[in-house]
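The structure appears right after this line, and notes come after that.
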Amino acid sequence: MGQLSRRAFTLAALSTLAAAPAAAAVPRGEGPGHRPRATREMRGVWLATVDNRDWPSRPGLPAAVQREELIAHLDRAARDRLNTVIFQVRPAADALWPSRHEPWSEYLTGTQGRNPGWDPLGTAVREAHARGLRLHAWFNPYRIAIHADLGRLAARHPARRHPDWVVRYGGQLYYNPGLSQVRAFVQRAMLDAVAKYPVDAVHFDDYFYPYPVAGQTFDDDDAYDRYGGDFGNRAAWRRDNINRLVKETAAGIRRVRPGTRFGISPFGVWRNASTDPRGSDTRAGVQTYDDLYADTRRWVREHWIDHIVPQLYWNIGFAGADYAKLVEWWASVTRGTRTQLHIGEALYKAGAAGQPSAWQDPVELSRHLTLAARYPQVRGHVFFAAEDVAADPIGAMARVVADHYRRPAKPPR
C-alpha cells in the first residue's frame with residue numbers, strides 16, 4: 001500500500017470527475033436523521049515506512065531521533081482522539097523488529113540487514129498501549145523490493161538464497177504467490193512478530209498480485225504449469241493462491257496469539273457492476289477480483305477476516321468511483337456478516353496539487369464521515385497517512401476532529 005499504490009493506481013484506474021455536492025458537515029450522531037453517536041468506532045491512521053513515506057523521516061537517523069519521531073506520531077494520534085495506529089512493520093520482505101527470518105529494514109539505517117540498535121515494533125506496541133491506542137502490525141506479504149536488483153538485497157536475504165521464488169515485474173521484485181513454499185515462508189516471517197509482541201491486529205494492505213503494468217506480464221508460467229492443473233484458467237488459480245494465504249494466515253494468528261484480529265485494506269472496487277451484477281456502480285480500470293486476484297467480497301461473506309478497510313480514496317460524486325456509492329455497496333456486502341467495516345480515507349489528497357477541486361475543500365473528508373454515519377455497518381474510519389495527519393495543510397483533519405471526534409471513543413470490540 002502507501003504512496004506507491006495510492007497515488008499512481010487510483011488515478012490510472014478511474015475516469016472523469018463529477019462535482020461533489022455542497023452538503024454541510026454534521027458531526028456524527030448530532031444531526032437529524034443520523035444514528036446516535038457510536039460509543040465504539042475505529043479511528044485509525046496508517047503509519048507507513050516503505051520508502052520512508054511517514055517514518056522515519058529519513059534512513060540513518062540516530063536511534064534516539066527515530067524513537068522521538070515515532071513517539072511524536074503516537075502523541076499526535078492520541079491528541080486527535082484517534083484510537084488505532086496501523087504501523088507498517090514489514091514494508092518489503094524485511095523487518096522492523098529482530099526477526100528470525102528476514103533482515104532489518106533498510107528504511108531504518110539505509111543498509112538492509114544493519115541492526116538499528118533498538119526495537120521499533122516493540123517500542124511502538126508498548127508506547128501505543130501506554131497512550132490508550134491499539135497497535136496493528138501492518139505487513140506486505142509478497143513485495144521484496146521497490147527495485148529489481150537482487151544484488152542490492154542483504155547477502156543472507158531469503159530471496160537471494162531462493163531466486164526461484166522471485167518474479168521481476170514493473171521494475172520491482174515480488175515473491176511468487178503461486179509457490180506453496182513461498183506462502184509458508186511469508187506466513188512464518190509475519191507470525192514471528194505476532195508471537196513476540198502483543199499486537200492488537202495483523203493488517204494486510206492492497207498488494208497481493210501486483211497492480212497491472214501496461215505491456216508487462218507477471219511471469220508465473222512455471223508455477224502455473226506445475227500447480228494449476230485443477231483450475232479452469234490462470235485467474236482462478238491465482239485467486240485460489242491468495243485465498244489460501246488469507247485463510248492460512250487467519251488460522252496461524254489464532255494459533256499463535258488467540259484474540260488478535262486480522263484485517264485487510266483492499267483497493268476499493270471489488271468488481272464493476274458492468275463486469276458482475278454483484279459489483280458496485282463504478283467504472284474503475286482496476287478490479288481487485290480480476291487484476292489483483294483478491295476476492296475481497298468472499299473474504300467478508302465467509303468471515304475469513306475480522307475487519308475490512310476498503311480504500312475509498314475518491315470524493316463524493318466522483319464519476320468513476322463515487323465515494324457515496326461505494327460506502328453503500330460495502331455496507332451491503334458486510335450486512336449480516338461478522339466482519340466489521342471501516343472505511344479507508346484519502347487524507348493525503350486534501351489540498352494536494354493535481355487533485356480534483358473537491359479535495360481542495362477542507363470539509364470534503366468531514367462530509368465523508370457524515371455520509372457514512374447513515375450506515376450502521378460502518379464502524380469507523382482510517383486515514384492515510386500519519387505524515388498527512390501531522391501536516392494537515394488545509395485543515396481537513398482538524399475539521400474531522402472538530403466535527404466528529406469531539407469526544408474520545410473506544411475501538412470496536
Side-chain angles (χ1 to χ4, degrees), residues 1 5-26 28 31 33-35 42 206 211 265-292 294 296-297 300 308-335 341-352 354-384 394 396 399-400 403-404:
M1 192 163 58
S5 66
R6 297 167 193 273
R7 296 185 187 276
F9 294 112
T10 307
L11 294 175
L14 300 168
S15 54
T16 56
L17 169 72
V26 180
R28 177 185 290 272
H34 291 270
R35 69 180 187 269
M42 169 77 81
D206 51 328
Y211 281 83
S265 178
F267 181 78
V269 176
W270 173 71
R271 298 186 98 183
N272 297 319
S274 59
T275 304
D276 186 323
R278 299 171 298 172
S280 53
D281 182 13
T282 49
R283 298 192 299 277
V286 170
Q287 302 169 89
T288 59
Y289 182 91
D290 302 277
D291 298 303
L292 310 183
T296 53
R297 181 181 180 276
V300 169
I308 194 161
V309 193
Q311 299 171 27
L312 305 192
Y313 291 166
W314 306 286
N315 55 275
I316 297 170
F318 192 84
D322 186 343
Y323 177 91
K325 291 180 179 179
L326 280 164
V327 169
E328 181 179 22
W329 186 85
W330 280 103
S332 71
V333 168
T334 55
R335 185 178 298 120
L341 173 62
H342 315 305
I343 305 299
E345 302 286 353
L347 176 62
Y348 75 92
K349 286 187 174 181
Q355 294 296 336
S357 59
W359 291 107
Q360 311 310 315
D361 183 349
V363 183
E364 175 67 21
L365 274 182
S366 181
R367 292 189 185 110
H368 289 196
L369 273 68
T370 298
L371 184 152
R374 302 170 188 168
Y375 300 93
Q377 293 79 20
V378 178
R379 301 290 302 280
H381 302 260
V382 183
F383 300 91
F384 192 82
I394 62 170
R399 185 62 182 260
V400 166
D403 289 349
H404 302 276

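Counting from 1, the numbers follow the sequence of the chain as shown.
Although no hydrogens or angles enter the test, the distance criterion places no donor-acceptor pair under 3.5 Å between the side chain of H368 and the main chain of E345. Using a distance-only test at 3.5 Å, with no hydrogens or angles considered, no donor-acceptor pair links the side chain of S366 to the main chain of V363. Looking at E364, its side chain never comes within 3.5 Å of a backbone N or O of N315 through a donor-acceptor pair. A donor-acceptor contact shorter than 3.5 Å links the side chain of D322 to the backbone of G317. One N or O on the side chain of N272 and one on the backbone of A284 form a donor-acceptor pair closer than 3.5 Å.
Between K325 and E328 there is no salt bridge, since none of the side-chain N atoms of the basic residue sits less than 4.0 Å from a carboxylate O of the acidic one.
Using a 30° and 60° split on the angle between ring planes, F267 and Y211 fall in the perpendicular class, above 60°.
Taking the six-membered ring for Trp and the full ring otherwise, W314 and Y323 have centroids separated by 6.0 Å or more.
Interatomic distance, M42 CE to L341 CG, rounded to the nearest 0.5 Å: 10.5 Å. Atom CG of D276 is separated from atom CZ of R297 by 7.5 Å, given to the nearest 0.5 angstrom. Taking CG from L312 and NE2 from H381, the interatomic distance works out to 10.0 Å, rounded to the nearest 0.5 Å. The distance from the OH atom of Y348 to the CZ atom of F383 is 14.5 Å, given to the nearest 0.5 Å.
Each of I343, T334, L369, L371 was compared with V378 under the side-chain contact (heavy atoms from CB on, under 4.5 Å) criterion, and only I343 meets it.
Nearest heavy atom pair, residue A324 against residue I316, reads CB-CG2, 4.5 Å.
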*Walk me through it: do Q287 and R271 pass the test side-chain contact (heavy atoms from CB on, under 4.5 Å)?*
CA-CA 5 Å; Q287 302 169 89; R271 298 186 98 183; 3.7 Å; yes

*Step by step, work out the side-chain contact (heavy atoms from CB on, under 4.5 Å) result for S280 and V269.*
CA-CA 7 Å; S280 53; V269 176; 4.0 Å; yes

